[in-house]
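Heads up, the thing below is written out as structure tokens.
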Amino acid sequence: MTSYLAVFAVAAVVTFLTTPLVRRFVVRAGAIYKPNDRTVHKVPLPTMGGIAMYLGLVAALIASQVLPFFRQLNLVNNSAAVLVTCTLMLGLGVIDDARGIQPLTKLVAQIFVAGVLVLLGVVLSYFWLPGFGLFILSGDLPVILTIVWVVAVANAVNLADGLDGLAAGMVGIAAAVYFVFSVLSPGALGISSQPALLAAITCGVCVGFLPWNFHPAKIFMGDAGSMLLGILLAITTIEGVHRTITAPGGGDFAAVAGTIAVPILVLLIPFLDVASAIVRRTRRGQGIGHADKEHLHHHLMDIGHGHTQSVLLMYLWSALLSGAALAVGRIDNRPLVALILLGGAVLFLVTALPRLNRRRTGNGHRNGHHPERVDNVADAPPAPTPEDKTARDAPERNDPEGL
């Protein structure tokens with residue numbers, strides 16, 4: 001565990017220290033993200049923070065090569081594939097941040113990077129199913145599933161990067177939970193495994209970047225960062241499915257959870273956001289790459305939560321779902337499952353409370369209740385002016401101070 005902590009620390013420290021240097025370089029290069037009618041930010045900010053994340057990744061991979069704990073793992077791992085494909089995805093993101101890329105062009109480029117990953121040996125080719133044992137995929141299905149998974153995860157993280165610190169925090173939580181799951185599911189080399197190593201590094205770069213990216217952000221990760229985190233998570237989960245060729249412990253239910261449910265649950269919120277965006281835009285006759293302000297985090301702000309509150313609620317949802325995945329995959333404990341369900345109910349109430357309060361206030365007169373009724377007209381408050389309405393509504397539209 002000390003070795004995992006070491007690579008985590010290297011990734012976090014290098015990312016943290018290089019982010020201000022990258023920010024200075026980006027400002028000089030003129031790669032500034034300017035606000036528009038679809039963003040919640042009001043001031044221009046530098047982007048391409050993913051470059052610092054990449055430097056943290058490279059430093060952590062180098063550190064893993066010299067640590068004795070990973071000596072046997074280094075003989076069989078896919079570090080070269082990770083480095084090559086992450087470099088390609090970073091390059092794609094940098095170009096998109098600097099010049100902009102059409103959605104279809106970006107999709108084709110992502111498919112190309114995923115294809116390179118397959119050629120370098122990282123492919124979803126088998127997993128365990130209860131009653132069947134080792135289920136081996138044949139023909140072109142492994143290639144197709146791998147490409148679809150990589151592209152889906154990369155775009156899910158990309159869409160989640162809509163508020164300060166949101167994508168980095170959610171990915172960090174998912175990586176931390178997947179690290180715990182991987183360590184609790186040792187493979188042929190014990191707890192020394194590729195998915196645990198990559199999860200620790202991914203969590204490290206997120207932790208190192210968050211101090212600069214949390215609200216109010218000083219730099220954005222940009223597509224360079226979101227797609228880098230996306231492909232890192234995709235590779236981590238693929239390697240996690242392949243962590244062992246023997247049946248996982250904990251029974252048949254754990255076998256299904258370990259190979260299928262955990263990777264999906266830790267990324268469920270970004271996936272739901274992607275699915276919702278596709279359905280919404282398709283119904284309107286828009287392209288799936290058409291940007292809007294109707295993602296999950298936007299809806300949280302619309303119902304009354306501030307910027308930081310919305311991000312923290314998304315963190316809580318990610319932690320709850322990831323914890324549920326871990327519990328389902330490894331723990332046979334009904335009280336713990338009940339506690340998770342109770343936590344979900346409480347979190348739902350906290351999330352929905354602003355909307356419920358609004359509805360109750362707005363519909364009070366229908367039930368004979370008039371919360372703002374006064375008996376003396378002279379005591380009635382003056383009618384709100386347009387300026388008052390603007391000031392009242394400003395925090396809900398993303399006033400950094402209106403929290």
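- Checking Leu228, Val22, Asp97, Thr18 one by one against Ile51, the side-chain contact (heavy atoms from CB on, under 4.5 Å) holds for a single residue, Val22.
- Ring-plane geometry between Phe69 and Tyr4 is classed as perpendicular, the angle between the planes exceeding 60 degrees on a 0 to 90 degree scale with a lower cut at 30.
- For the pair Asn158 and Ser226, the tightest heavy-atom approach, listed with the atom from each and the gap, is OD1-OG, 3.0 Å.
- Taking 4.5 Å as the limit, some side-chain heavy atom of Leu61 sits within range of a side-chain heavy atom of Leu57.
- Closest non-hydrogen pair, Pro46 versus Ile32, comes out as CA-CD1, 3.8 Å.
- When all heavy atoms are compared, the tightest approach of Met221 to Ala167 is CE-CB, 4.0 Å.
- The side-chain heavy atoms of Leu83 and Ser79, taken from C-beta on, include no pair separated by under 4.5 Å.
- Between the side chain of Asn213 and the main chain of Ile219, a donor-acceptor pair closer than 3.5 Å is present.
- Taking all atoms of both residues into account, the shortest heavy-atom contact from His215 to Asp164 is ND1-OD2, 2.9 Å.
- The minimum heavy-atom distance between Val122 and Glu239, with the atom names listed, is CG2-OE2, 3.8 Å.
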Query raised in the report: What's the verdict on side-chain contact (heavy atoms from CB on, under 4.5 Å) for Trp149 and Ile238, showing C-alpha distance, side-chain angles and the deciding distance?
Result: CA-CA 9 Å; Trp149 180 253; Ile238 291 173; 3.8 Å; yes

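- Aromatic rings of Phe220 and Phe209 (six-membered ring for Trp) have centroids beyond the 6.0 Å cut-off, not under it.
- Closest of all the heavy-atom pairs between Ala63 and Val10 is CB-CG2, 4.2 Å.
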